[in-house]
S.K.: 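Take this structure first; my questions come after.
In this text, all values refer to a predicted model and were calculated from it rather than measured experimentally.
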Amino acid sequence: MIKLQCPWLREQVRLTGTVLGLTVLGLCLSGSVGSPSPLAAKMVINVFVATVAGSTAIKKKQQEVVGFLEANRIDFEQKDIACNDDNRQWMRENVPGEKKPENGIPLPPQIFNEELYCGDFESFFDAKEGNEIFVFLGLTPLPSKKDMEVPSDLQNGEVPAEDSTEVTVPTVSQNEEVPEEESTVEEEEEGEQ
């Protein structure tokens, strides 16, 4: 016997006697959405979504956030609030009061870095447009390919020709006198006394 965590899906099964699809069943049983990453232990970004959303606008916003994170290879975990009451309750309790709408119930997507609230879709969108997404998420930016490239003239460990100019320093032996123009301030002061 499989216990369905999703209240909506339980109701559908009770009314129709069938499950609408294995995908929906799998999503609601797991409590989270998305394929597990090999770096699952390092995931810190949590995106709270509703897999069963009635609003097209909410679906599009969720897809934009998830798509952007996937495209930029930012590790994250989707937390389903439609099929997991614990996720829904946690999200509602941890969204700051100033970010909650007038009715007090925040809508997905809501983004957290571990337990630190990052923002909602609007703040995510602003950070993305301002090219400040890593600051928004509280992450260290990944080095770009340009930053990681080694100039071709340095690939073999050689110093470029323009940087290897030799500087000749004239040496003065103890017996030689320093020419007048190279005399030090101390010598000039001694000569004045």
S.K.: Shortest non-hydrogen contact from Asp120 to Phe136?
M.R.: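 Shortest heavy-atom separation between Asp120 and Phe136 comes out as O-CZ, 4.3 Å.
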S.K.: Rounded at 0.5 Å granularity, tell me how far CD1 in Ile133 sits from SG in Cys118.
M.R.: 9.0 Å
S.K.: Check whether Asn84 reaches the backbone of Asp80 with its side chain - one donor and one acceptor, N or O, closer than 3.5 Å.
M.R.: no
S.K.: Strictly distance-based, threshold 3.5 Å: is any side-chain N or O of Asn113 a donor or acceptor partner for the main-chain N or O of Leu116?
M.R.: no
S.K.: For Asn131, does the CG atom sit with more than 12 other heavy atoms under 6.0 Å from it, leaving out its own atoms?
M.R.: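 No - once you tally the heavy atoms of other residues, nucleotides and ligands closer than 6.0 Å, there are 12 at most.
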S.K.: Under a 3.5 Å cutoff, is there a donor and acceptor pairing between the side chains of Asp126 and Ser123?
M.R.: no
S.K.: Among residues at least two apart in sequence or on other chains, which ones pass side chain to side chain donor-acceptor pair (under 3.5 Å) with Gln110?
M.R.: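 Tyr117.
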S.K.: In the hydrophobic clustering (ILVMFWY, side-chain contacts below 4.5 Å, transitive), which residues join Leu107, or is it alone?
M.R.: Ile58
S.K.: Looking at Lys60, I'd like to know if its NZ atom is crowded, meaning that more than 12 non-hydrogen atoms belonging to other residues, nucleotides or ligands lie closer than 6.0 Å.
M.R.: no
S.K.: Please say whether more than 12 non-hydrogen atoms of neighbouring residues, nucleotides or ligands are located less than 6.0 Å from CD in Glu98.
M.R.: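 More than 12 heavy atoms, drawn from other residues, nucleotides or ligands, come within 6.0 Å of this atom.
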S.K.: Does Val47 reach the side chain of Phe112, with side-chain heavy atoms less than 4.5 Å apart?
M.R.: no
S.K.: List the atom of Pro108, the atom of Gln62, and the distance in Å for their closest heavy-atom pair.
M.R.: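 Of all heavy-atom pairs spanning Pro108 and Gln62, the closest is CB-OE1, 3.4 Å.
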S.K.: Nearest heavy-atom pair of Lys59 and Ala53: which atoms, and what distance?
M.R.: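 Heavy atoms of Lys59 and Ala53 come nearest at CE-O, 2.7 Å.
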S.K.: Let me confirm one number: the CZ-CD1 distance from Phe48 to Ile81, rounded to the nearest 0.5 Å.
M.R.: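 These two atoms lie 8.5 Å from each other.
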S.K.: I want to check something: taking the side chain as every heavy atom from C-beta on, are Val66 and Gln78 in contact at a cut-off of under 4.5 Å?
M.R.: yes
S.K.: For Glu93, check side chain to side chain donor-acceptor pair (under 3.5 Å) against everything at least two apart and list the hits.
M.R.: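 Expected list: Gln89.
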S.K.: Glu114 and Asn46: which non-hydrogen atoms are nearest, and at how many Å?
M.R.: O-ND2, 3.6 Å
S.K.: Residues in side chain to side chain donor-acceptor pair (under 3.5 Å) with Glu122, at least two apart?
M.R.: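 Partners of Glu122 by the side chain to side chain donor-acceptor pair (under 3.5 Å) criterion, ordered by chain and then number, come out as Lys61.
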S.K.: With sequence neighbours left out, what residues match Lys128 under salt bridge (charged side-chain N to carboxylate O under 4.0 Å, His left out)?
M.R.: Glu64
S.K.: Locate the shortest heavy-atom distance separating Val65 from Pro109; write the atom from each residue and the value.
M.R.: CG2-CG, 4.0 Å
S.K.: Please name the pair of heavy atoms, one in Leu137 and one in Ile45, separated by the smallest distance, quoted to 0.1 Å.
M.R.: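 Nearest pair, atom of Leu137 first, then Ile45: O-CD1, 3.7 Å.
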S.K.: Tell me, please, which residues at least two apart from Phe124 pass ring pair (Phe, Tyr, Trp, His ring centres under 6.0 Å).
M.R.: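 For Phe124 the ring pair (Phe, Tyr, Trp, His ring centres under 6.0 Å) partners, ignoring immediate neighbours, are Phe68.
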S.K.: Keeping Glu77 on the side-chain end and Val44 on the backbone end, is there a donor-acceptor pair under 3.5 Å?
M.R.: no
S.K.: Surrounding CD of Glu115 (heavy atoms of other residues, nucleotides or ligands, distance under 6.0 Å), is the total greater than 12?
M.R.: no
S.K.: Can Ile105 be reached from Met91 by stepping across I, L, V, M, F, W or Y side chains whose heavy atoms are under 4.5 Å apart?
M.R.: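 No.
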S.K.: Within this structure, what is the CG-CD1 distance for the pair Leu69 and Ile111, rounded to the nearest 0.5 Å?
M.R.: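 Atom-to-atom, Leu69:CG and Ile111:CD1 are 6.5 Å apart.
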